[in-house]
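See below for the structure under consideration.
Throughout, protein chains are lettered first and strands after them, A, B, ... in sequence-line order, and every chain is numbered starting at 1.
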Protein chains: 2
Amino acid sequence: MTGLPIMSVGKSGQNRENLRQHNLSLVLRLLHQMGTVARSQLTSITGLNRSTISDLVAELAARGLVIESEAMQVGGVGRPSLSVATATNVVAFAVNPEIDATTIAAVTLDGQIIDRIRYPTHTQPEPQKAAQIANQLITSMRKQLPVGTRIAGVGAAVPGQVRVNDGVVRFAPHLNWVEAPFGPMLSQLTGLPVSVDNDASLATLAERTYGSAKGARHVVSLFAGSGGIGGGVIVDGLPLRGSTGYAGELGHMQISNSSEVDFSGLPGTLEALVRRDDLLEVFKLYSATDEELDFEILNATDKGPVKVIQSQIDALGRGIGVLATIFNPQMVVLSGFLSSLFQFDSDRLLDVVRKSTLQSAHDSLLVRTGDLGTKAVLVGAAELAFNNLLENPAAAPLFPANN
Amino acid sequence: MTGLPIMSVGKSGQNRENLRQHNLSLVLRLLHQMGTVARSQLTSITGLNRSTISDLVAELAARGLVIESEAMQVGGVGRPSLSVATATNVVAFAVNPEIDATTIAAVTLDGQIIDRIRYPTHTQPEPQKAAQIANQLITSMRKQLPVGTRIAGVGAAVPGQVRVNDGVVRFAPHLNWVEAPFGPMLSQLTGLPVSVDNDASLATLAERTYGSAKGARHVVSLFAGSGGIGGGVIVDGLPLRGSTGYAGELGHMQISNSSEVDFSGLPGTLEALVRRDDLLEVFKLYSATDEELDFEILNATDKGPVKVIQSQIDALGRGIGVLATIFNPQMVVLSGFLSSLFQFDSDRLLDVVRKSTLQSAHDSLLVRTGDLGTKAVLVGAAELAFNNLLENPAAAPLFPANN
DNA sequence: TTGTATTTGTTGTTCCAAACAACAATAACA
DNA sequence: TGTTATTGTTGTTTGGAACAACAAATACAA
């Protein structure tokens, strides 16, 4: 019972530096999420003293991360409080390689996309090629950013399973990538820190920070696109990652005895039962944008399509029920064509959910559609890139846009 | 974008008191988990300064929570380090009402059960009655504890869904309790603080702290008894509770199209497919202890029983696969007769698990049996009761055993 | 046995971030 | 115009962790 240190608490003692870092991080995170906040609000939200907030904001301003402006609030008694906002010249790059295109965006510290390029490719790019494309796009975008812009880093959202620690894409079936060190490659090329994660997990993060799950502490999200069904989970305010970073692959959970297999070869999973291709087929389409598919679903009346839609709604409902039972979240967020399914017959979906969910967990459950659409992945990827800065505002490096 | 505070960070700014509290809590938690630790180890584990550890330990000793003793380590160069251990006179009571008995235990701060009473009942007790029984047992046990013993509180492990915030048992099918305020009742009777949680969640906590999942940060546990299948999840070192406290009801997740229903009326769930009663029936037993059932399973050779066992193994494997895909845990811990199923044919179980788990999440997955057996629930309940003390060693109240 | 190197505990001092107190600034309102 | 309420600012206080110097206790080599 003695001897070996059994726990892995890893230097979690708190000293003065941690204290300051924690508070700086807290203030910057609040501004990051809320955009503009009065200093007096910061004191009441954090519980810190007026003078402490003054000091913290001054330090953040000195580092060029926030800007103090004249009071904007009107109506209250007493001296008007100064407004604090995130600096507009701090950005992160978001990278999203997909089967038919690679997209790049520049996102500001308050979550606004200020620039965006979509670079179509004929075939699915090799990892090395995708990294080169991304680097070129970033390089050219970097030149066009306003002088004085500073870059926090790069976040990549990949449709596949990602080892978050080292930025290696373990398996991305739609890109045909296996054990691809995309993060290190792109970091090498750009000279910027690169973080990589699963696209659906990042979209979830974006919905939590700016979208329909804003501020929620317990969220399950399902995200469907041409690349199957992805998922993301927020537990107590933080993304669920699991021991090696693969947690949240909600599309691949088996919910039925069906022998239909998904893109990873598992039978009876949510992804095997709720398939974009099956919808396209019944609508006699070879390909369609998300908007076109949405239109077809919402206007479906023929028996064939309706039957397929209903069967997918039923499977989706069961999946949601399982997740709600396991996680007891405040809400479930649906994106991509899943929100079309929801809107087609929300009563049916909610009914299936109710029948598949443990009563207690169902009581306060909300099912919603995502707010951010295709922005979610990019904003989420930028979130990932901003994380270092938000975690340690005093020490995280910033890079010049043009040198 | 301004105005309303959107986030719910709730006074999370850190001040000096928090700092001290955090460090006291950290040290006490380490001792709680590791039993006896050298002071020099505390410095290296926490990263705090030697003199700071000295100060913290002195404060904890002054409050009677820890004891410093002579150096026990031998062999090293240099001055031997003093040993620090948790005080032996601080205990929590664990309460576990079940269908046919109510069990009480006194557990020390280092997780040892020093006293235990099982009080059989003929019928399932009403909440009020169960609270009275528990109070009587606690009162009599309180008198027999050594003079000077101090009590941190009471933790109750209930086989059902518990609203952790207010100690109300929302639904416990085996006890036939609905919306029963068991926590407040017992607190009223005993005059002690009472916390309540689901029994399987607490057993998981115990396995994480002292059992086969000791020190693991990502654990899924499945726990089977006469009351169906319960579950518990540890995410990043902390129990998963969900937004209203009902998370982790893993037995009630639908994994198949079967129409068999579980105790909560849901069809096709893990609990509906892995049933103790089905095993008893095929063994032609009316009732059996866990040990008897374990013996029967491990020695089964007849075609009928083997077939049932195999079918349950297959369902269990699928359930584990779903959970491993969702949570990507380091390990899955099986307790109760699930460990018997595992031991009967571990190859078969692991094979099913492999086929139901996303490859990435399967790579580093361990499946283990629980170490603590029936102790787990009681130790876990005591953990719950100790939580206040561990969270804030300087402020949490302690109560005398005999007055 | 003695001396040296090594590690740990102890004590007094230093340092730093947050709290606090007093005052100035700026609004609403009577 | 004076009063009240709220917020920002400045200088001081405070508490807890780090630090430095020294003492204590061991292993090991000479």
Could you state the atom-to-atom distance from [atom1] of [X] to [atom2] of [N] in whole Å?
| X | N | atom1 | atom2 | value |
| --- | --- | --- | --- | --- |
| A/Arg79 | D/dT3 | CZ | C1' | 18 Å |
| B/Leu82 | C/dT7 | CG | P | 17 Å |
| A/Arg20 | D/dA18 | CZ | P | 17 Å |
| B/Gln21 | D/dG15 | CD | P | 17 Å |
| A/Asn49 | D/dG11 | CG | C1' | 14 Å |
| B/Glu70 | C/dG9 | CD | C1' | 12 Å |

Phosphate-side-chain proximity, [X] and [N], N/O vs OP1/OP2 below 4.0 Å:
| X | N | answer |
| --- | --- | --- |
| B/Asn23 | D/dG16 | no |
| B/Arg39 | C/dT10 | yes |
| A/Ser40 | D/dT6 | no |

Should the pair [X]-[Y] be classified as a salt bridge under the 4.0 Å nitrogen-to-oxygen rule?
| X | Y | result |
| --- | --- | --- |
| B/Asp236 | A/Arg241 | no |
| B/Arg20 | B/Asp55 | yes |
| A/Arg142 | A/Asp115 | no |
| B/Glu391 | B/Arg29 | yes |

Of residues 50-59 of chain B, the positions that come close to DNA chain C - non-hydrogen atoms, cut-off under 4.0 Å: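 B/Arg50, B/Ser51, B/Ser54 - these, ordered by number, are the residues of the stretch whose heavy atoms sit under 4.0 Å from the strand.
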Side-chain heavy-atom pair B/Leu202, B/Leu384 within 4.5 angstrom cut-off: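 A side-chain contact under 4.5 Å exists here.
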A/Asn89 versus A/Thr149, side-chain donor and acceptor atoms under 3.5 Å: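 No, because no side-chain N or O of A/Thr149 sits under 3.5 Å from a partner of the opposite role on A/Asn89.
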